[in-house]
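Along the sequence shown, the residues carry numbers beginning at 1. Treat the numbers as computed from the prediction; the structure is a model and nothing was measured.
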Amino acid sequence: MPPHGEEPVPMAKSRVQFICQNCGTVHTRWAGKCDACGEWNTLIEEGTSGGIGSGPSGMRNARKGRAVTLTTLSGEIEEAPRIVSGIGELDRATGGGFVRGSALLVGGDPGIGKSTLLTQAAAALALRGHRVVYVSGEEAVAQIRLRAQRLNAAETPVELAAETNVEDILATIADGRRPDLVILDSIQTLWTDMADSAPGTVTQVRASAQAMIRYAKSTGAAVVLVGHVTKEGQIAGPRVVEHMVDGVLYFEGEGGHHYRILRTVKNRFGPTDEIGVFEMSDKGLREVANPSELFLGERSAKAPGAAVFAGMEGTRPVLVEIQALVAPSPLGTPRRAVVGWDSARLSMVLAVLEAHCGVRFATHDVYLNVAGGYRISEPAADLAVAAALVSSLTGLALPADCVYFGEISLSGAIRPVAHAQQRLKEAEKLGFGQAVMPASSEDKGGGQRSAFQPDTLADLVARIAGSKGRSTED
Ligand code: TYD
Ligand code: MG
């Protein structure tokens, strides 16, 4: 009998596996629903023989480990680590420019303007003397040239290729001076010889991204991967890439609106929650340096149901109008519809208004809209939402030069929020002389401004209701 340690190791068998195309979870058996993310019909059979998809069991006997040299945290760092494009809103979203040796994922709906943005960025960087390679797997060279002409970028020294095979791309860019920036549009079209699934599947996307990230790390070039998002708001396939890359930017916008927001979701080299704001024109994307003016543009001051929220996007204050419509409902179960905010949060604000302020919405439909198709995620918008709701219900317009911010707790108390000073400063800059804000927010700021600081939501409701007499007087 052979000694225990020398038992023959069973050979790794090539077996099939099913990979969820939404979240990347590997299943051994097919199922209608992925139990990891709960999506239906997302499991697709992919082979495991490709090496990359096969996981540790396939590599167990590959080779003995090689010792690497351990080093210290302090030490030399090569050249300026960032490549600045000069497009201010883009540099803001990336945290000060593309980082050399890093990989960035730019996600967004098809047609939102990712290729446009990156073509403009490529042109700007090439003009500054950087070597920029733009690889498109979606469009033919002629199409890209046509776009570049519209963008006034045709005469810049950007190097262009229409190619989808990762090995070919790597061989191409290895030629000549190391590129400063490589743009791959899009990750869903890339495929590598290392994996044998179809392009666009999780295995291919992951293997191709891995190869490009390895290229970035080993050469010091910055790599930008473009990824399309599915309807559900997740990057199909590339969602599994999110944790591999150093930064993730989402390019967003609402169908009917011409402005676009570049939102930082992940950044290993800078702050997240930053946004860059652009406007889409016939000549491409134009920077919007002062977003508040954009989101406040179409205000009609005298109408009830509108409140201006002083919000924050990362380090930048943004004023945006919140519009509410409360109308008697013909239905047994009244409607609640929200655009641009969280509907659960709206239910909470409605419940607090009912329970603690004696305001009844049970027989009314409630519609809430954030102007300009903008999306708010901050709880600080509670107070502005409540003010807009009460204003619409009572038919009493709120003062035109007043901003609102503050979080509402379930007890009806108004809780302080961060960055009160910056919010007030932005409001003042845009001509808003009044503010309704939490009592314990640092202080009133400038001092000359009139600030109402209610302790509870009921105080605010009483003030709005009490404005009736005042507004009829003048
Ligand atoms: P594109 O960058 O191709 O989107 P993506 O790469 O995210 O799929 O942009 C497509 C849309 O942008 C298309 O509907 C046309 C519009 N567009 C303009 O409005 N102005 C322009 O100058 C350009 C180039 C595109
Ligand atoms: Mg595109």
Side-chain angles (χ1 to χ4, degrees), residues 78-106 108 112-164 166 168-187 189-190 212-213 215-227 245-247 249 251 260 262 269 276 278-287:
E78 63 145 356
E79 58 189 315
R82 285 190 187 268
I83 317 169
V84 180
S85 70
I87 303 175
E89 295 294 298
L90 174 64
D91 290 336
R92 169 194 285 277
T94 52
F98 298 107
V99 177
R100 288 183 198 275
S102 80
L104 184 72
L105 178 68
V106 177
I112 204 76
K114 300 180 294 298
S115 306
T116 306
L117 175 71
L118 291 168
T119 307
Q120 287 182 260
L125 285 165
L127 280 180
R128 291 173 159 233
H130 297 291
R131 183 181 175 206
V132 183
V133 180
Y134 192 107
V135 183
S136 177
E138 303 200 324
E139 290 154 307
V141 167
Q143 279 178 292
I144 305 167
R145 285 192 182 142
L146 211 62
R147 176 189 292 120
Q149 272 170 20
R150 287 183 63 176
L151 299 174
N152 248 335
E155 299 308 318
T156 54
V158 175
E159 292 169 52
L160 184 64
E163 180 53 60
T164 53
V166 170
D168 291 348
I169 292 170
L170 289 175
T172 309
I173 54 186
D175 214 31
R177 174 159 77 98
R178 179 205 71 188
D180 296 293
L181 180 69
V182 180
I183 297 166
L184 299 156
D185 188 2
S186 68
I187 182 75
T189 58
L190 293 188
M212 292 314 303
I213 292 167
Y215 167 79
K217 302 255 147 91
S218 62
T219 61
V223 169
V224 174
L225 306 169
V226 176
V245 293
D246 300 298
L249 303 180
F251 206 37
R260 303 278 183 269
L262 189 62
F269 303 104
F278 298 89
E279 208 171 346
M280 183 63 105
S281 71
D282 55 346
K283 292 247 180 300
L285 293 157
R286 205 175 54 75
E287 291 180 57

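A side-chain donor-acceptor contact under 3.5 Å links R260 to the backbone of I112. For E287 (side chain) and G88 (main-chain N/O), a donor-acceptor pair under 3.5 Å exists by modelled atom type. Under the 3.5 Å distance criterion, the side-chain polar atoms of R178 are matched with a main-chain donor or acceptor of T219. Between the side chain of K114 and the main chain of G108, a donor-acceptor pair closer than 3.5 Å is present. At distances below 3.5 Å, not a single donor-acceptor pair connects side-chain atoms of E163 with backbone N or O atoms of D168.
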| query | When you look at L181 and H130, which way does the side-chain contact (heavy atoms from CB on, under 4.5 Å) test go after all the steps? | reply | CA-CA 8 Å; L181 180 69; H130 297 291; over 6 Å; no
| said: What verdict does the side-chain contact (heavy atoms from CB on, under 4.5 Å) test give for D246 and K217, after you've listed the backbone C-alpha separation in whole Å, the side-chain angles of each residue and the deciding distance to 0.1 Å? | reply: CA-CA 11 Å; D246 300 298; K217 302 255 147 91; 3.3 Å; yes
| said: Walk me through whether F269 and T94 qualify under side-chain contact (heavy atoms from CB on, under 4.5 Å). | reply: CA-CA 8 Å; F269 303 104; T94 52; over 6 Å; no
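Atoms CG and OG1, from N152 and T119 in turn, are 13.0 Å apart once rounded to the nearest 0.5 Å. Distance CG/L184 to CE/M212: 4.5 Å, rounded to 0.5 Å. In this structure, CG in L90 is found 9.0 Å from CZ in F251, a value given to the nearest 0.5 Å. Distance CG/L160 to CZ/R145: 7.0 Å, rounded to 0.5 Å. Of the inter-residue distances, the one linking L285 atom CG with L117 atom CG reads 6.0 Å to the nearest 0.5 angstrom.
The minimum heavy-atom distance linking A93 with G276 is given by the pair CB-N, 4.3 Å. The two atoms that bring I183 and A122 nearest to each other are CD1-CB, 3.9 Å, heavy atoms only. Among all heavy-atom pairs drawn from P179 and A221, the shortest one is O-CB, 3.2 Å. When all heavy atoms are compared, the tightest approach of T164 to I169 is C-CD1, 4.2 Å. Across all their heavy atoms, G284 and T116 have their closest contact at CA-CG2, 4.1 Å. Contact record, L151 with K283: CD2-O, 3.7 Å, taken as the closest heavy-atom pair.
None of I213, V224, L104 except one satisfies the side-chain contact (heavy atoms from CB on, under 4.5 Å) rule with V245; the exception is I213.
The shortest side-chain heavy-atom distance between R128 and V84 falls under the 4.5 Å cut-off. Between L125 and D180 there is no side-chain heavy-atom pair separated by less than 4.5 Å.
Sparse packing is recorded around CD of E155, with 12 or fewer heavy atoms of other residues, nucleotides or ligands lying under 6.0 Å away.
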Please tabulate, for the side chains in residues 135-142, all donor-acceptor contacts under 3.5 angstrom to protein atoms that are two or more places apart in sequence or on a different chain.
from: S136; atom 1: OG; to: E138; atom 2: N; distance (Å): 3.3
from: S136; atom 1: OG; to: E139; atom 2: N; distance (Å): 3.1
from: E138; atom 1: OE1; to: H228; atom 2: NE2; distance (Å): 3.4
from: E138; atom 1: OE2; to: S186; atom 2: OG; distance (Å): 2.9
from: E138; atom 1: OE2; to: H228; atom 2: NE2; distance (Å): 2.8
from: E139; atom 1: OE1; to: R147; atom 2: NH1; distance (Å): 3.4
from: E139; atom 1: OE1; to: R147; atom 2: NH2; distance (Å): 3.4
from: E139; atom 1: OE2; to: R147; atom 2: NH2; distance (Å): 2.6

